[in-house]
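What follows is a short report on a single structure.
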Amino acid sequence: MASRLGVGVLILIALLSSATAQAGEYTAAAPGMAPEGSPTSETPVPSAQTPPPPAPAGFRYGFYRRSCPPAEYFVREVVAKAIRKNPGIGAGLIRMAFHDCFVRGCDGSVLLDAMPANPRPEKLGPPNFPSLRGFEVIDAAKALLENFCPGVVSCADVVQFAARDAAFFLSGYRVSYRLPAGLFDGRVSLENETLAFLPPPSFNLTELVDSFRAKGLDVDDLVVLSGSHTIGRSHCSSFSDRLSYPPSDMDPGLATVLRGQCPANPNFTNDPTVAQDMVTPNRLDNQYYRNVLRRKVLFNSDAALLTSRQTASKVVENAVIRGRWERKFARAMVKMSLIEIKNAANGEIRKNCRVVN
């Protein structure tokens with residue numbers, strides 16, 4: 001009882017604070033210096049970036065500065081073009097980075113197509129198909145890179161660069177960070193491993209913590225990376241259990257709206273999508289945490305963040321302290337990009353991201 005009361009007090013304070021903090025929160029970000037390896041560019045870049053952590057052995061910031069100077073610039077321009085056409089692609093690219101890293105590490109294995117030798121790769125796993133988007137953006141960036149510096153830039157690095165750049169644009173240039181590069185591409189991609197390693201939206205807090213800990217990520221990383229649910233769309237089947245009767249702890253108003261958008265029993269042929277954040281659906285921001293506090297979130301895994309005082313307090317901090325989540329998200333994305341990395345002995349630099357060499 002005391003624990004629930006403590007969480008309730010945290011939520012009340014946060015809601016009062018966020019009500020006063022929301023006004024005027026989004027101001028134009030000033031353009032600054034161009035991205036790594038870039039010629040003079042029209043793409044805006046902030047003058048201040050989240051300070052990067054030390055790069056691990058074998059990795060460097062500006063890894064392609066000599067071997068393929070415009071590598072990061074090429075990726076950023078391709079991502080910018082895609083997001084101008086459809087912001088939802090940016091959300092897909094951020095999700096792709098997560099889904100790649102949690103299965104066999106950050107090795108581009110999520111990009112591999114079905115082949116006679118491997119008819120069921122990761123991209124056909126239930127967590128990825130048909131919802132994972134952005135493959136054509138990776139293809140376009142890789143094609144540019146192969147024309148300019150063939151066989152140099154890994155597909156795994158392109159995935160991480162693209163997610164970083166998507167976060168940059170979708171956040172209004174507030175999420176900005178450098179990435180250590182030098183990843184190798186994996187040669188193995190198995191559908192059944194997606195269910196084994198990607199935490200589903202039905203997970204409770206204990207299951208989420210265990211899933212992240214298995215990948216070297218802590219509770220703070222869990223709460224911070226969950227904030228990516230502030231953008232993108234979700235299939236109704238991912239949360240339909242929370243709309244059934246008796247009702248879940250979802251806000252009744254949101255549940256009513258969702259029941260009007262989703263079929264009672266979604267299936268593969270009738271499974272519409274809805275915005276994960278109905279307040280700022282195309283903006284990567286800390287609105288997600290305000291939604292969590294108001295119980296206006298889709299997934300059980302989102303609501304689970306309020307089931308312990310430790311995670312609830314982190315939700316409150318991200319909701320009310322200006323700029324904190326953006327800085328933490330940048331650092332968590334760098335940390336995630338180095339999960340279970342390959343080397344020259346068990347990896348390669350693919351020429352085509354969809355097939356092994």
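Reckoned from all heavy atoms, side chains included, excluding hydrogens, waters and symmetry mates. Note that the numbering runs from 1 along the sequence shown for the chain.
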*Hey, is the main chain of F184 close enough, under 3.5 Å, to the side chain of S154 for a donor-acceptor pair?*
no

*Does the side chain of P201 come within less than 4.5 Å of N300's, by heavy atoms?*
no

*May I ask you to decide whether E340 forms a salt bridge with R104, counting only side-chain N to carboxylate O separations under 4.0 Å?*
no

*Cationic tip of R76 within the cone over F168's six-membered ring, i.e. under 6.0 Å and within 45° of the normal?*
yes

_Any carboxylate oxygen within less than 4.0 angstrom of a Lys/Arg side-chain nitrogen, looking at D221 and K328?_
no

*Is the NZ or CZ atom of K123 positioned over F129's six-membered ring, under 6.0 angstrom from the centre and within 45° of the axis?*
no

*For the pair R294 and D251, find out whether any cationic side-chain nitrogen is under 4.0 Å from an anionic carboxylate oxygen.*
no

*Output yes when a side-chain donor or acceptor of R233 lies under 3.5 Å from a complementary backbone atom of Q276, and no otherwise.*
no

*Considering only heavy atoms from C-beta outward, does the side chain of T311 approach that of S308 to under 4.5 Å?*
yes

*Decide whether D277 and N291 meet the rule of one side-chain donor and one side-chain acceptor closer than 3.5 Å.*
yes

*Enter the distance from R242:CZ to L254:CG here, rounded to the nearest 0.5 Å.*
8.5 Å

_As a quick check of understanding, evaluate side chain to side chain contact (heavy atoms under 4.5 Å, CB included) for D107 and N346, giving each step before the final call._
CA-CA 10 Å; D107 65 351; N346 61 359; over 6 Å; no

*Got a second to check how far N357's CG is from N352's CG, nearest 0.5 Å?*
9.0 Å

*Measure the shortest side-chain to side-chain distance between F98 and P199 over non-hydrogen atoms and say whether it is less than 4.5 angstrom.*
yes

*asked:* Angle between ring planes, F299 versus F239, binned at 30° and 60°: parallel, tilted or perpendicular?
replied: tilted

*Answer yes when R324 and E317 have at least one side-chain N-carboxylate O distance shorter than 4.0 Å, and no when they do not.*
yes

_Working to the nearest 0.5 angstrom, can you tell me the gap between Y288 OH and H229 NE2?_
6.5 Å

*Please report the closest heavy-atom contact between L93 and G134, naming both atoms and the distance.*
CD2-O, 3.7 Å

*Using only heavy-atom distances, determine whether the side chains of D157 and Y64 contain a donor-acceptor pair under 3.5 Å.*
yes

*Any donor-acceptor N/O pair, Y289 side chain to V224 backbone, under 3.5 Å*: yes

*Can you list the steps and then say if R120 with N192 is a side chain to side chain contact (heavy atoms under 4.5 Å, CB included)?*
CA-CA 8 Å; R120 305 300 300 179; N192 58 10; over 6 Å; no

*asked:* Atom CG of residue position N265 - does it have more than 12 heavy atoms of other residues, nucleotides or ligands inside 6.0 Å?
replied: no

*Go through the steps to decide whether S337 and R164 satisfy the test side-chain hydrogen bond (donor to acceptor under 3.5 Å, both in side chains), and finish with yes or no.*
CA-CA 10 Å; S337 75; R164 183 265 312 270; over 6 Å; no

*Same cluster (ILVMFWY, side-chain, under 4.5 Å), L179 and L338*: no

*Going only through I, L, V, M, F, W and Y residues with side-chain contacts under 4.5 Å, is there a path from V175 to V79?*
yes

_For F59 versus I341, what's the shortest heavy-atom pair and its separation?_
CE1-CD1, 3.1 Å

*Nearest 0.5 Å please: distance from the CD atom of E348 over to the CZ atom of R187.*
5.0 Å

*Apply the test salt bridge (Lys or Arg N to Asp or Glu O under 4.0 Å) to residues K142 and E146: give CA-CA distance (whole Å), side-chain angles for both, the deciding distance (0.1 Å), then the verdict.*
CA-CA 6 Å; K142 179 63 170 173; E146 286 299 303; 2.9 Å; yes

*Would you sort out whether T280 and D285 count as a side-chain hydrogen bond (donor to acceptor under 3.5 Å, both in side chains), showing the intermediate values?*
CA-CA 8 Å; T280 57; D285 57 17; 2.9 Å; yes

_Closest non-hydrogen atom pair, L111 against C155_ = CD1-CB, 3.8 Å

*asked:* Could you walk me through whether L183 and Q160 satisfy the side chain to side chain contact (heavy atoms under 4.5 Å, CB included) test, starting with their C-alpha distance in whole Å, then the side-chain angles of each, then the deciding distance to 0.1 Å, before giving a yes or no?
replied: CA-CA 10 Å; L183 296 172; Q160 298 305 316; 3.9 Å; yes

*Is the side chain of S176 donor-acceptor paired with the backbone N or O of Y173 at a distance under 3.5 Å, no angle test?*
no

*Under 3.5 Å: donor-acceptor pair, side chain of S189, backbone of E122*: yes

_A side-chain contact here means heavy atoms from C-beta on lying under 4.5 Å apart; do M278 and L258 qualify?_
yes

*Mind checking whether V188 and L198 sit in one hydrophobic cluster, side chains of I, L, V, M, F, W, Y counted as touching below 4.5 Å?*
no

*Between K335 and D218, does at least one N-O distance fall below 4.0 Å, as a salt bridge requires?*
yes

*With side chains defined as the heavy atoms from C-beta onward, is the minimum distance between D220 and F212 less than 4.5 Å?*
no

*Any donor-acceptor pair under 3.5 Å linking the side chain of D210 with the backbone of R213?*
no

*Could you give me the CA-CA distance, side-chain angles and deciding distance for E77 and D165, then say whether side chain to side chain contact (heavy atoms under 4.5 Å, CB included) is met?*
CA-CA 9 Å; E77 291 303 299; D165 298 336; over 6 Å; no

*Within the side chain of S211, is there an N or O that forms a donor-acceptor pair under 3.5 Å with the backbone of E207?*
no

*Could D185 and K342 be called an ion pair, given the rule that one side-chain N must be under 4.0 Å from one carboxylate O?*
no

*Considering non-hydrogen atoms only, spot the tightest contact between Q310 and S313 and give its length.*
O-OG, 2.7 Å

_Please find the pair of heavy atoms, one from G108 and one from D100, that lie closest to each other, and give the distance._
N-OD2, 2.8 Å

_Do V159 and V355 land in one hydrophobic cluster if side-chain heavy atoms of ILVMFWY residues count as linked below 4.5 Å?_
no

*asked:* To check you understand the geometry: which heavy-atom pair defines the closest contact between V75 and F161, and what is its length?
replied: CG1-CB, 3.8 Å

*If you round to the nearest 0.5 Å, how far is NE2 of H235 from CG of N267?*
12.0 Å

*asked:* Any side-chain to backbone donor/acceptor pair from D302 onto V297? Under 3.5 Å, distance only.
replied: no

*Quick one: does P263's side chain get under 4.5 Å of P272's, heavy atoms only?*
yes

*Backbone N or O of G227 within a donor-acceptor pair of the T230 side chain at under 3.5 Å?*
no

*State whether a side-chain donor-acceptor pair under 3.5 Å links S131 with R95.*
yes

*Only one of I138, D139, L112 forms a side chain to side chain contact (heavy atoms under 4.5 Å, CB included) with R354, so which one is it?*
D139

*Can L298 be reached from V223 by stepping across I, L, V, M, F, W or Y side chains whose heavy atoms are under 4.5 Å apart?*
no

*With a 4.5 Å limit on heavy-atom distance, are the side chains of K215 and F197 in contact?*
yes

*Could you tell me the separation between the CD1 atom of I321 and the CG atom of N286, rounded to the nearest 0.5 Å?*
10.5 Å

*Heavy-atom distance under 4.5 Å between the side chains of L222 and S226, does that happen here?*
yes

_Contacts of F74 that satisfy ring pair (Phe, Tyr, Trp, His ring centres under 6.0 Å) - sequence neighbours left out_ = F148

*asked:* Quick check against the 3.5 Å criterion: does N118 have a side-chain atom that pairs as donor or acceptor with the backbone of M115?
replied: no

